[in-house]
Amino acid sequence: MSSIRFIMVGGFLGAGKTTTLGRLARHYMSQGKNVGLVTNDQAQDLVDTHTLRNQGFSVEEVAGACFCCKFDDLLDKMSKLETDRQPDVILAEPVGSCTDLVATVIQPIKDLYKARFSVAPYAVLFKPSHGLKILRNEGGAGFSAKAAYIFRKQLEEADAILINRIDELPPEQADELVDLLGTNYPGTPVLRVSAKTGQGFDGFEQFLEQQGNFGKKILDIDYDIYAEGEAELGWLNSTLRLKAERPLSLDAFLLDVIAGLQEAIQQAGAEAAHLKVIGLWEGFFGVANLVNNLGKPELSMPSHATTPEADIIVNARVAIDPAELSERVSAIVSEVARRYDAVATSVSMQSFRPGRPTPTHRYAAK
Ligand SMILES: Nc1nc2c(ncn2[C@@H]2O[C@H](COP(=O)(O)OP(=O)(O)OP(=O)(O)O)[C@@H](O)[C@H]2O)c(=O)[nH]1
Ligand SMILES: [Mg+2]
């Protein structure tokens, strides 16, 4: 039996993991390979799972905690994909506030399941909007020193660092980043990519083909700082049903929700790590995002739908008290709905601070 290639791609919240995995899935499928994906979140109702399923991919999700703390669930979901799809490749997206994944996910798979899975080199996407400030040690990076600690640890365990969003990054900033990453993480290859346009993906895909001495950078990490950094983020997943008197533009509605949330978060003096909202109706789906306070709300997947009804899922990761986050999200969605002569009824809402990570396995040596 030939083994399944297991490719996990890390990176901070909003770095571009889901966009990257969608692009990789299309690449492997175009080569005639079967592909399965596994998404992951601290809560239920993941925008990412819907986003990837609606692109036609086979997706399983591990919800409720990160892969490292739900390692057996991850293996169950991979086994389900194995049975249902006989995949040649499994692509996995960890939670963007998670680190220490080499010791807690890659090493255990390599050790315990070596006959079933061949683990690809571990690449981590670099998010320029927050990362440049963090690497320059600038104050006002938007996050506390503890959240920046997680950001840096994610890069430290990478076999390769992918500077994402190269399509919009001024070349001098990209050069500065290559220098900063070279100084901070000597010996780690740095690639310039755009998950949006596909720029640099040939090199990335070749990198993923490599066999050998990868997935071995076990971190020296302080779990107290890691847990406190993660807990500074308010986490919210909520599902609503939207009903309007007249058909409305789903895409305009989604963008207005993101713009309203951006304003509310700025007013609260908080920092958004990633806001995402998906609208779903009868085979149509649209996604809008914001990955930092000063960014522009973006329609990453337009639905082009005009509809009087839709299911709306909001996922927000913001450095703010989760109770305040849920109040603000409810208020904004209701207010935007009113502007469209619509009513948004809450179906489910979870908001909390992520708990301390307690990995199922942790390999302290390679
Ligand atoms: N311009 C540009 N935008 C990108 C690129 N990659 C991703 N994005 C956008 O960045 C936003 C976040 O991308 P995602 O792929 O959802 O990021 P993620 O890392 O999966 O986010 P989380 O799952 O929340 O951690 C979306 O609006 C994407 O369209 C890129 O290369 N260039
Ligand atoms: Mg994602």
Side-chain angles (χ1 to χ4, degrees), residues 8-26 37-43 45-55 57 59 61-63 66-67 91-99 101 123-131 143 147 150-151 154-155 162-170 173-174 177 191-201 204 230 233-237 251 254-255 257-259 261-262 272-278 285-302 313-319 354:
M8 182 166 68
V9 180
F12 200 68
L13 297 157
K17 298 178 292 297
T18 306
T19 316
T20 295
L21 294 194
R23 182 168 288 285
L24 288 178
R26 282 190 292 278
L37 294 103
V38 190
T39 56
N40 181 209
D41 196 42
Q42 309 277 17
D45 298 330
L46 280 66
V47 167
D48 290 355
T49 305
H50 288 281
T51 305
L52 292 166
R53 279 195 186 138
N54 279 289
Q55 292 174 66
F57 305 132
V59 187
E61 66 179 30
V62 172
C66 51
F67 284 152
L91 300 167
E93 175 176 345
V95 175
S97 57
C98 210
T99 187
L101 288 154
V124 173
L125 285 155
F126 181 89
K127 181 182 182 185
S129 54
H130 288 119
F143 295 113
I150 296 175
F151 193 103
Q154 290 178 336
L155 300 173
L162 312 176
I163 302 177
N164 193 27
R165 305 183 82 103
I166 206 78
D167 55 292
E168 60 171 25
L169 204 59
Q173 275 187 16
L177 277 176
L191 281 71
R192 305 176 193 217
V193 303
S194 166
K196 185 174 180 173
T197 67
Q199 195 180 334
F201 265 59
F204 175 34
E230 231 188 344
L233 289 164
W235 213 267
L236 173 139
N237 286 11
D251 295 341
L254 299 173
L255 276 173
V257 168
I258 292 290
L261 288 174
Q262 178 179 26
H274 196 181
L275 304 174
K276 44 192 171 178
V277 56
I278 188 166
F285 79 104
V287 186
N289 314 62
L290 182 81
V291 294
N292 67 87
N293 273 22
L294 301 177
K296 198 169 168 302
E298 189 214 359
L299 195 63
S300 56
M301 300 255 171
I313 303 175
V314 182
N315 288 181
R317 289 80 179 91
V318 183

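On a predicted model such as this, the values are computed, not experimentally measured, just so you know. Hydrogens, waters and symmetry mates are skipped; everything else that's a heavy atom, side chains included, is used. Numbering of ligands and ligand atoms starts at 1, following listing order.
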(request) Out of Asn40, Asn292, Leu290, Asn164, indicate the one that has the non-hydrogen atom closest to atom 5 (C) of ligand 1. (result) Asn164

(message) Please find the pair of heavy atoms, one from Ala174 and one from Ile163, that lie closest to each other, and give the distance.
(response) O-CD1, 4.2 Å

(message) For the backbone of Cys98 and the side chain of Gln154, can you confirm whether one donor and one acceptor N or O come within less than 3.5 Å of each other?
(response) yes

(message) Would Ala15 count as a contact residue for ligand 1, given that I'm defining contact as a non-hydrogen atom of the residue lying under 4.0 Å from a ligand atom?
(response) yes

(request) Give the atoms of ligand 1, by number and element, whose distance to some non-hydrogen atom of Ser300 is under 4.0 Å. (result) 27 (O), 29 (O)

(request) Side-chain contact test, heavy atoms from C-beta onward, threshold under 4.5 Å: evaluate it for Gln173 versus Pro128 and give yes or no. (result) no

(message) Out of all atoms in ligand 1, which are within 4.0 Å of some heavy atom of Glu298? Include the element for each.
(response) 9 (C), 26 (C), 27 (O), 28 (C), 29 (O)

(request) Heavy-atom contacts with Val291 under 4.0 Å: which atoms of ligand 1 show up? List them by number with element. (result) 11 (C), 12 (C)

(message) Going by the closest heavy atom to atom 16 (O) of ligand 1, which one wins out of His274, Lys276, Arg23?
(response) His274

(message) Checking side-chain polar atoms at under 3.5 Å, does Asp48 have a donor or acceptor matched by the opposite partner on Thr18?
(response) yes

(message) Return the closest protein heavy atom for atom 17 (O) of ligand 1 as residue, atom name and distance.
(response) Gly16 N, 3.1 Å

(request) Please confirm if an N, O or S atom belonging to Thr19, backbone or side chain, lies less than 2.8 Å from the Mg ion (ligand 2). (result) no

(message) Between the Mg ion (ligand 2) and Glu93, which N, O or S atom of the residue is the nearest one?
(response) OE2

(request) For the pair Lys296 and Glu168, find out whether any cationic side-chain nitrogen is under 4.0 Å from an anionic carboxylate oxygen. (result) no

(request) Name the closest protein heavy atom to atom 8 (N) of ligand 1, giving the residue it belongs to and the distance to 0.1 Å. (result) Arg165 NH1, 3.5 Å

(request) Specify whether Phe12 and Phe151 have parallel, tilted or perpendicular ring planes, treating 30° as the upper limit for parallel and 60° as the lower limit for perpendicular. (result) tilted

(request) Just jot down the ligand 1 atoms closer than 4.0 angstrom to any heavy atom of Leu13, in number order. (result) 25 (O)

(message) Are any of the N/O atoms on Asn289, whether in the backbone or the side chain, positioned under 3.5 angstrom from an N/O atom of ligand 1?
(response) yes

(message) Between Asn237 and Arg317, does the side-chain contact (heavy atoms from CB on, under 4.5 Å) criterion hold? Intermediate values first, please.
(response) CA-CA 9 Å; Asn237 286 11; Arg317 289 80 179 91; 2.9 Å; yes

(request) Return a yes/no value for Gly14: is any of its N or O atoms, backbone included, closer than 3.5 angstrom to an N or O of ligand 1? (result) yes

(request) List every atom of ligand 1 that sits less than 4.0 Å from any heavy atom of Asp48, numbering the atoms from 1 in the order shown and giving each element. (result) 23 (O)

(request) May I ask you to identify, for Lys196, whether its side chain, its backbone, both or neither come under 4.0 Å of ligand 1 on a heavy-atom basis? (result) both

(message) Between the Mg ion (ligand 2) and Asp48, which N, O or S atom of the residue is the nearest one?
(response) OD2

(message) Starting from atom 18 (P) of ligand 1, what is the nearest protein heavy atom, named by residue and atom, and what distance separates them?
(response) Lys17 N, 3.4 Å

(request) Mind listing the closest non-hydrogen atom pair of Gly295 and Gln262 along with its distance? (result) O-NE2, 2.8 Å

(message) Is it true that Thr197 and Asp167 share a donor-acceptor pair across their side chains at a distance under 3.5 Å?
(response) no

(message) Tell me the closest heavy-atom pair linking Leu46 and Ala63, and the distance in Å.
(response) CD1-CB, 4.2 Å

(request) Decide whether an N or O pair under 3.5 Å exists between Ile166 and ligand 1. (result) no

(request) For Glu168, take its heavy atoms, then give the atoms of ligand 1 lying under 4.0 Å from any of them. (result) 1 (N)

(message) Counting the benzene-type ring for Trp, do His130 and Phe143 have ring centres under 6.0 Å apart?
(response) yes

(request) Tell me, please: is Arg317 in heavy-atom contact with ligand 1, that is, under 4.0 Å? (result) no

(request) Provide the number and element of each atom of ligand 1 under 4.0 Å from a heavy atom of Asp167. (result) 1 (N), 2 (C), 30 (C), 31 (O), 32 (N)

(message) I'd like to check Thr51 versus Gln55 (side-chain heavy atoms, cut-off strictly below 4.5 Å). Are they in contact?
(response) yes

(request) Compare all side-chain heavy atoms of Leu91 with those of Val9 and state whether any distance is below 4.5 angstrom. (result) no

(request) Considering the heavy atoms of Thr19, write down every atom of ligand 1 situated less than 4.0 Å from one of them. (result) 7 (C), 13 (O), 14 (P), 15 (O), 28 (C)

